[in-house]
Protein chains: 2
Amino acid sequence: MQQTDKKITIYEIAKEAGVSPATVSRVLTGNANVKKEKKEKVLELIKKYNFKPSAVARGLSDTKSRIIGIIVADIRNTYYADMYVACENAANKEGYSVMLMNSFGQTSMEIRQLGKLVQWRADAIIQLGGAVDSLTTDPSYVKEVNRLLGNKIPLVVTGKLDNTNCYQVQIDAAAAMDMLVQHLVSNGNKRIALVGGRLDVESTYIKYNEFLKLTKELELENSSLYTDNFGGYGIEEGTVSMNELIERFSLAGKPLPEAVICINDSTAAGVIKSIRKHGLKIPEDITVVSYDNTDLCEVAEPGLTSVAYDYEKYGKTLVRTAISVADGKSAERQILIKPSGLMVRKSSNYKRN
Amino acid sequence: MQQTDKKITIYEIAKEAGVSPATVSRVLTGNANVKKEKKEKVLELIKKYNFKPSAVARGLSDTKSRIIGIIVADIRNTYYADMYVACENAANKEGYSVMLMNSFGQTSMEIRQLGKLVQWRADAIIQLGGAVDSLTTDPSYVKEVNRLLGNKIPLVVTGKLDNTNCYQVQIDAAAAMDMLVQHLVSNGNKRIALVGGRLDVESTYIKYNEFLKLTKELELENSSLYTDNFGGYGIEEGTVSMNELIERFSLAGKPLPEAVICINDSTAAGVIKSIRKHGLKIPEDITVVSYDNTDLCEVAEPGLTSVAYDYEKYGKTLVRTAISVADGKSAERQILIKPSGLMVRKSSNYKRN
DNA sequence: ATGAAAGCGCTAACAG
DNA sequence: CTGTTAGCGCTTTCAT
């Protein structure tokens, strides 16, 4: 099995096919017609040599890298992993490659990753979480984004970034809250608490306001009593917040909430632990629901009711927006994605009186 | 704020600095000395224009892309996400960018992703899971790997791939099994079952054999009775396997196992569900342990004891191997990584008589 | 230490 | 329909 290590390029293919490099390029890109006969000859040689045209060279020559950069807060978080996969699939389908970079929620990292993506001449950048989640945009980040990206590279975010010309594709957090509250109320829950999250995160802030609005409209009991149980987005933080809530109400001799809306599934997992540790039953004593419908919902005991999103659609929208703008076409500045539904599991499967 | 949209390259920098493009390149790469004065001038202009040299052009010119391709079975699986993050960090530290691609366990996808990575002229490819997990290598995949990668692009895998010149960095599955069995035995468990996984997966096969060897050595009761509870690697499959095991033993009037070793955390989560549904207590009636120490361990109720790995070290080893080979240096063909320890949680925190 | 020039592999006018 | 030619932006000899 002789294996000539001669580097094979379109020139080699062209020479052996008896055509010009340009013709080989034409059959590669499909951007122009080539006589069937020659085309077949070229294709045959490409197969024979397992020739794969260099995306690097192509990127240099046509000044489009066909790379979409994705900056994510942390891919180990199932929520982001789901979104990333949806984006990767959508991008591949459009002929783009994706370059993923984690920022671990640090602005300095986000900036560095942005820089690397600029070096790769990404055609567009999608940012999932991190600085773009903030209610109040970090000015130092904005500065870097404008400096690095300018009007050259479009940025699509899942949150917001004031004073930049980014595009936004967001989940309709208010609608998601509506679904949850409606579900709980239809099950007879009147005392509902909101647990977890931070108010400096935009999506949390939106959920919070929607919660206040709804509970007031529906005249639920003392709803404002149940809305200062913030903390964070992790399991441990869910446990801590819920512990505090239970103790606070117990000390005050007030009735515990009948239902708890958790800011996400991780927090809910922690909340569930706390509730069980206090000897209370889910969903009978306290009903629990949350957001994101990640795989934690199936692991939790009991199974966790959670708002589900259509990640595939979300990813597709993100990518389509990115590509449109990169191609100089227009795109909507802000798109709101409605949750796809509520996955009802045992944690909320209980009708109160 | 005037923003000339003139594309800025090393030529622009060179012109304005009054030096040649080569000199700018030299300060960029640091591959040669440049008089301090000129160097500073160049650096100043780079900062002034936020100039980021094109990695694409660089990749073309020096024929090293500084890209490491990573093919992963499914990034939504926390286990892989942990490994990926470790690899990304290690690669970044070495000045490489990473290109992640999911294969979803389909060989056809793996081949396609391999092809894309070849087009990007990745300097090396790391494959996490998928076809390289198989005990019996898929010949059609081997053929493609050899065709596409040949001796040009080094491949580093977490499993094996016969008849290719890949490098292997694996977790020492046997050692991990030792830790688990030893822990269980020291807690007085004698009837131990192995649940989940498939024997055509190499790591599972290794665990299985080690399990048989150990239980025989330790003269545990009828150990072979407890070793045919395979199925898969998911939650649902864990539940099904455990349900079957319990029914089988109940029907036969035989005592249930005192401890269950699950093939991974997801399976364990399903096993736990099954055990609870049967009204049995964990760890008192049945002790449960598993592998990987992912975040599911904290979510599960009770907390799940699991073998932990040092992902950071794993990723570093994977990346170092990849880069070494890519640079034409030698590297060990096979490296075994020892688990870093056992995270003992409540699911196994019980001494039997 | 530094400039000139060639070349990396491909695409895209521009002719014909 | 197809060949020729000029880049794309950088690195790297090779001289000087």
Side-chain angles (χ1 to χ4, degrees), chain A residues 6-43 45-46 49-67 95 97 116 118-123 152-153, chain B residues 6-43 45-46 49-67 95 97 116 118-123 152-153:
Chain A
K6 183 160 192 40
K7 202 169 294 175
I8 131 113
T9 68
I10 55 170
Y11 287 94
E12 295 304 314
I13 302 280
K15 197 193 300 173
E16 189 165 339
V19 301
S20 75
T23 296
V24 176
S25 174
R26 282 190 264 260
V27 351
L28 249 22
T29 62
N31 286 341
N33 286 333
V34 174
K35 197 170 23 166
K36 198 180 170 197
E37 192 180 302
K38 303 197 173 190
K39 183 175 185 173
E40 281 168 356
K41 181 66 183 166
V42 168
L43 254 15
L45 291 170
I46 287 177
Y49 290 112
N50 290 302
F51 172 64
K52 299 275 179 190
S54 161
V56 178
R58 178 160 5 203
L60 221 211
S61 122
D62 70 1
T63 64
K64 303 224 347 127
S65 64
R66 302 234 132 208
I67 288 177
S97 293
K116 294 189 70 168
V118 169
Q119 292 199 212
W120 277 107
R121 299 298 188 260
D123 292 335
K152 329 283 285 184
I153 305 181
Chain B
K6 183 158 190 43
K7 201 170 293 174
I8 132 112
T9 67
I10 55 169
Y11 287 94
E12 295 305 315
I13 302 282
K15 197 191 302 173
E16 190 165 342
V19 300
S20 75
T23 297
V24 177
S25 173
R26 283 188 264 260
V27 353
L28 248 23
T29 63
N31 288 340
N33 286 333
V34 173
K35 196 168 24 164
K36 197 180 170 199
E37 189 181 304
K38 302 197 173 189
K39 185 175 184 172
E40 281 168 355
K41 180 67 184 163
V42 168
L43 254 13
L45 290 170
I46 287 178
Y49 290 114
N50 290 301
F51 172 63
K52 300 275 178 189
S54 162
V56 178
R58 168 142 37 185
L60 220 209
S61 121
D62 69 3
T63 64
K64 300 220 357 117
S65 62
R66 302 240 133 203
I67 287 178
S97 293
K116 293 187 72 169
V118 169
Q119 292 198 212
W120 277 106
R121 299 297 187 263
D123 292 335
K152 328 284 285 186
I153 307 180

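In this text, all values refer to a predicted model and were calculated from it rather than measured experimentally. Side chains included, hydrogens not; waters and symmetry mates left out as well; all remaining heavy atoms used. Throughout, a chain's letter reflects where its sequence line sits, starting with A, and its residues are numbered from 1.
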If you take all heavy atoms of Ala17(B) and Val42(B), which pair is closest and at what distance?
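For Ala17(B) and Val42(B), the tightest heavy-atom pair comes out as CB-CG2, 4.1 Å.
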
Can you name the closest pair of heavy atoms from Leu60(A) and Leu60(B) and give their distance?
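That would be CD1-CD1, 3.4 Å.
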
Sort and list the pairs that fulfil side-chain hydrogen bond (donor to acceptor under 3.5 Å, both in side chains) and have at least one residue in residues 54-65 of chain B, not counting sequence neighbours.
Lys64(B)-Tyr96(B), Lys64(B)-Asp327(B), Ser65(B)-Asp123(B)

Which distance, rounded to the nearest 0.5 Å, do you find between the OG of Ser97(A) and the CH2 of Trp120(A)?
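The OG atom of Ser97(A) sits 11.0 Å away from the CH2 atom of Trp120(A).
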
Quantified as the angle between the terminal helix axes (five pairs each), what is the overall bend of the helix from dA1(C)-dT16(D) to dG16(C)-dC1(D) to 10 degrees?
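Axis-to-axis angle, ends of the helix: 30°.
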
Residue pairs meeting salt bridge (charged side-chain N to carboxylate O under 4.0 Å, His left out), one or both in residues 9-25 of chain A, sequence neighbours left out, come to Lys6(A)-Glu12(A), Glu16(A)-Lys48(A)

Positional range of nucleotides in DNA chain C within the contact set of chain B, heavy-atom, under 4.0 Å
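It runs dA1(C) to dG9(C).
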
Contact letters for nucleotides 7-16 of chain D, in which S counts primed atoms plus P, OP1 and OP2 and B counts the base, heavy atoms under 4.0 Å:
BBBBBB----

In chain order, what residues pass the side chain to side chain donor-acceptor pair (under 3.5 Å) check against Ser20(B), with sequence neighbours excluded?
Thr23(B)

Which residues share a side chain to side chain contact (heavy atoms under 4.5 Å, CB included) with Ile10(A), sequence neighbours left out:
Pro21(A), Val24(A), Leu28(A), Phe51(A)

For dT2(D), does either OP1 or OP2 sit under 4.0 Å from a side-chain N or O belonging to Lys38(A)?
yes

Between side-chain atoms of residues 32-41 of chain A and protein atoms elsewhere (two or more places apart, or another chain), which donor-acceptor pairs fall under 3.5 Å?
none

